[in-house]
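Inspection log for the structure reproduced underneath, given as C-alpha cells.
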Amino acid sequence: MTLRVGNASGFYGDRFDAMREMLTGGELDVLTGDYLAELTMLILGRDRLKDPAAGYARTFLRQLEDCLGLAYERGVRIVTNAGGLNPAGLADAVRQLADRLGIPVRVAQVTGDDLTAAHPGSLAAHAYLGGFGIAQCLRAGADVVVTGRVTDAALVTGPAAAHFGWSETDYDRLAGAVVAGHVLECGAQATGGNYAFFRDGDVRRPGFPLAEIHEDGDCVITKHPGTGGFVDTGTVTAQLLYETAGARYAGPDVTARLDTVRLSQEGPDRVRIEGVRGEAPPPTLKVGLNRLGGFRNEVVFVLTGLDIEAKAALVRDQMEPALGKVADVRWELARTDRADAPSEETASALLRLVVRDPDQEAVGRALSGAAVELALASYPGFHVLAPPGKGSPYGVFEDVYVPHGGVDHVAVLHDGRRIPVPPAQDTAVLDEVPEPPLPEPLSPGPVTRAPLGLVAGARSGDKGGDANVGVWARTDDAWRWLAHELTADRFRELIPESRELTVVRHVLPNLRALNFVVEGILGAGVAAQHRFDPQAKALGEWLRSRHLDLPEVLL
C-alpha cells in the first residue's frame, strides 16, 4: 500500500501552473502546497494590518479556481498551509469558491497556532504545529485541508498518519514521513532547481517532486514522467541538508535522525529513502515571532575607473554629517571593478549604504536629501543605482518556545465539529549526538589549487539570524578528503564573514555530508536584510568557489 504525495508550491509566489501540472501529469493521492516562510509571515502580517480579512496566500485561491474541479474528479486531496495568519478566512473562501463552481468538496481547517495575543508588540507570533490536526481532518473525510503555521513537513506527515493509521508514538514511521516532507517542501529544489551540479541535466523548467510513501515510513522520491529536471541522490541530499543542522531534526510530532537516512538510486528519477529512525519530540514547540524593527533605507553609489578607494572615502566623509544621529549605519564596498575594463559596468565598483532607525524621518529625508545634494559636488562620475526613497519598515524574526500544552491545536472538520488535538505525551530533551568516527583520510599525494566545488556540492539557507551550509561529497574518496579537510576553522578561513562568529560543524556520514551552522550571520533575520544575500541562499556557492589544495586523484 503506497501513498503518493506531491507538491505544487515551495513558497508564496512559486510557479502558478504547477498545481495543474501535478494534477494532470500522473497519479496522486494528495497534493500539498507550502506557501509559508519566516518572511512570508511578516508580509501576511502587514497585509492583515491593512485588511483584517486578509492574511492568507491569495494565489492559492486563484489556483484552486482553475484546478479544484480537476482535483475532485481525480480524487486528489489537497493539503496546504496557505491559510497563513487566517486559515479560517481561507477555508471560508474555498467553500464559497466551491459553491460558486458547483463542486461538492468538504473543506476543513487546522487552528491553534496563533499566539500573537500572548506576545504584545509582535506583528505575528505563530507556533509550528505538527501533522495530527491535518490527519484528523482527512480521517473525517475532508477533500481540502487548510492550515496556518504548521511545520513544512507536517503537510506530509498528516496525510501519511491518516492513510496508514499511524499513532503518535510510531516514531520511525513518522520520521520517515518527516524526511519525505522535508525533501518535498521546497518544490523544484528536489528536482534539480538551485542545484550545485545543475549541468547534470536539463533544469530549464524542472518539474515538481512527489513521494511514494510506504507503511513503514520508507519512500521513493520521484516526479511525473515527462516533466523537466531530474531526481538523483545528489538532488535529494542537497534538499535534506537545506535549512537543517545536526543529526537530530526536531519537530512537534517526532525528532527525525538525519544520521540514519540511507539513499539509493532505484532507477531514473527515482531515489529511495530508507532506514530513518525517529525519537520522541522535544518538550517545547517553536514559535516564530515577527515584529516591526523600525525603518530602513539604502543607496548604492557607483564608483567607476581609477581611485576607487579614495572615491569611497570621499563620499563617506560627505555623508557623515547627515548620518550622525541614525541608529545603525552600514557601508559595504563591493570591488566589482576590473582594470582596463571593456565596458563601463565592469569598470565600476558599488558602495552600498544601509541605514536603520526607529524613526522613519531619520532614514528618509535625511538620507535622500544628503545623497541627492552630492550629485554635482562629489567624486568624478558620481551617480547612484536608484535614488533613496522615504524609508520602508523592516521586520525582525526570533524564535521563542512554549510547552506542547501551550497551544489549542484544533481540527475544525468540514461539518463544523471541533476536534482537539492532544499535545505530545512523550517528549525528550534534545541532546547533541556524539560526533561519529571519521573515515580514513586519503593517502598523501599531489595536489592542485582549485575550487572546492570541483569535488563537493553545497546548499545553504536561513533559519532566523543563523545560516546553514550543507556540503556533500559525490564519491567515497572525496568524502574521505572532505571530512578531514573542511573543519570549522577552515570554514572560517574560507568565509571571512564568519571569522568572528560561532560556526558549528555537524558530520553526517551516511550522506557523505557536513552541515555548518553559522550563528548570527543574518542579524535579526531575512526581513532585516542584514547582508548582501539576506537569506544566505548563495553562501554555499561562495564556499564552493573558494580555492583549496585539492588532491589530484579527485580531479
**Item:** Side-chain heavy-atom pair Tyr35, Phe60 within 4.5 angstrom cut-off
**Value:** yes
**Complete:** Rounding to 0.5 Å, atoms CE (Met22) and SG (Cys67) come to a distance of 12.0 Å
**Prompt:** Pro283 versus Val429: any side-chain heavy-atom pair under 4.5 Å?
**Reply:** yes
**Asked** Any donor and acceptor pair, going by atom type alone, linking the side chain of Asp462 with main-chain N or O of Ala467 inside 3.5 Å?
**Response** no
**Prompt:** Are the side chains of Val220 and Glu266 in touch, meaning some heavy atoms are under 4.5 Å apart?
**Reply:** yes
**Message:** I need the single residue from Thr260, Thr255, Asp259 that forms a side chain to side chain donor-acceptor pair (under 3.5 Å) with Arg257. Which is it?
**Reply:** Asp259
**Asked** Any chance CZ of Arg46 has more than 12 other-residue heavy atoms, nucleotides or ligands included, within less than 6.0 Å?
**Response** no
**Request:** Examine distances only and state if a side-chain atom of Glu298 and a backbone atom of Arg296 form a donor-acceptor pair shorter than 3.5 Å.
**Result:** no
**Request:** Measure the shortest side-chain to side-chain distance between Arg48 and Thr116 over non-hydrogen atoms and say whether it is less than 4.5 angstrom.
**Result:** yes
**Message:** I'd like to know if Arg277 pairs up with Glu279 as an ion pair, taking the criterion as any Lys NZ or Arg NE/NH1/NH2 lying under 4.0 Å from an Asp or Glu carboxylate oxygen.
**Reply:** no
**Fill in**
Here the pair of heavy atoms bringing Gly234 nearest to Tyr195 is CA-OH, 3.2 Å
**Prompt:** Does atom CD of Glu27 have more than 12 heavy-atom neighbours, drawn from other residues, nucleotides or ligands, at distances under 6.0 Å?
**Reply:** no
**Message:** Please identify which of these residues, Arg272, Arg173, Met1, meets the side chain to side chain contact (heavy atoms under 4.5 Å, CB included) condition with His214.
**Reply:** Arg272
**Complete:** Closest heavy-atom pair, Gly6 versus Leu210, reported as atoms and distance to 0.1 Å, is CA-CB, 3.7 Å
**Item:** Contact check, side chains of Met41 and Leu36, non-hydrogen atoms, under 4.5 Å
**Value:** yes
**Prompt:** Is Asp113 paired with Arg149 through a side-chain N to carboxylate O contact shorter than 4.0 Å?
**Reply:** no
**OG1-CG distance between Thr111 and Asp408, expressed to the nearest 0.5 angstrom** = 8.0 Å
**Item:** Ionic contact status for Arg77 with Asp29, cut-off 4.0 Å
**Value:** no
**Request:** Kindly say whether Gly267 contributes a backbone atom to a donor-acceptor pair with the side chain of Gln265 at under 3.5 angstrom?
**Result:** yes
**Message:** Within the structure provided, determine whether Val421 and Val410 are in side-chain contact (heavy-atom separation under 4.5 Å).
**Reply:** no
**Item:** salt bridge (charged side-chain N to carboxylate O under 4.0 Å, His left out) partners of Arg417, counting only residues at least two apart
**Value:** Asp415
**Criterion side-chain contact (heavy atoms from CB on, under 4.5 Å) on Phe208 and His224, from CA distance to verdict** = CA-CA 8 Å; Phe208 278 64; His224 283 327; over 6 Å; no
**Prompt:** Where is the tightest heavy-atom contact between Ala125 and His119, given as atom of each residue plus distance?
**Reply:** CB-ND1, 3.9 Å
**Nearest heavy atoms of Asp399 and Lys286, plus distance in Å** = OD1-CE, 3.2 Å
**Message:** Taking atom CG as the centre, does Asp17 end up with more than 12 heavy-atom neighbours from other residues, nucleotides or ligands that are less than 6.0 angstrom away?
**Reply:** yes
**Prompt:** Just checking, any donor-acceptor pair under 3.5 angstrom between side chains of Thr244 and Asn515?
**Reply:** yes
**Message:** Distance check, rounded to the nearest 0.5 Å: Asp431 atom CG versus Arg248 atom CZ?
**Reply:** 6.0 Å
**Prompt:** Looking at Thr157 and Leu174, what are the two nearest heavy atoms and their distance?
**Reply:** CG2-O, 4.0 Å
**Prompt:** How many angstroms lie between atom CD of Glu361 and atom NZ of Lys390, to the nearest 0.5 angstrom?
**Reply:** 11.5 Å
**Request:** Please list, chain by chain and in numerical order, all residues satisfying ring-ring contact (aromatic ring centres under 6.0 Å, His included) with Tyr249, sequence neighbours excluded.
**Result:** His182
**Distance, nearest 0.5 Å, that separates CG of Leu39 from CG of Asn290** = 8.5 Å
**Item:** Value rounded to 0.5 Å, distance of OH in Tyr401 from CG in Leu285
**Value:** 10.5 Å
**Asked** Just wondering, do Ile521 and Asp466 contact through their side chains at under 4.5 Å, heavy atoms?
**Response** no
**Request:** Indicate the atoms forming the closest heavy-atom contact of Val107 with Ala91, along with that distance.
**Result:** CG1-O, 3.9 Å
**Fill in**
For Glu274, the salt bridge (charged side-chain N to carboxylate O under 4.0 Å, His left out) test, sequence neighbours excluded, returns none
**Item:** Worked check of side-chain hydrogen bond (donor to acceptor under 3.5 Å, both in side chains) between Gln239 and Arg459
**Value:** CA-CA 8 Å; Gln239 183 55 28; Arg459 177 168 285 168; 3.2 Å; yes
**Request:** Could you tell me whether the side chain of Ile213 reaches within less than 4.5 Å of the side chain of Phe164, counting heavy atoms only?
**Result:** yes
**Prompt:** Looking only at side chains, do Asp34 and Asn7 share a donor and an acceptor under 3.5 Å apart?
**Reply:** no
**Prompt:** Does Arg74 count as lying over the ring of Tyr72, i.e. NZ or CZ under 6.0 Å from the six-ring centre, within 45 degrees of the axis?
**Reply:** no
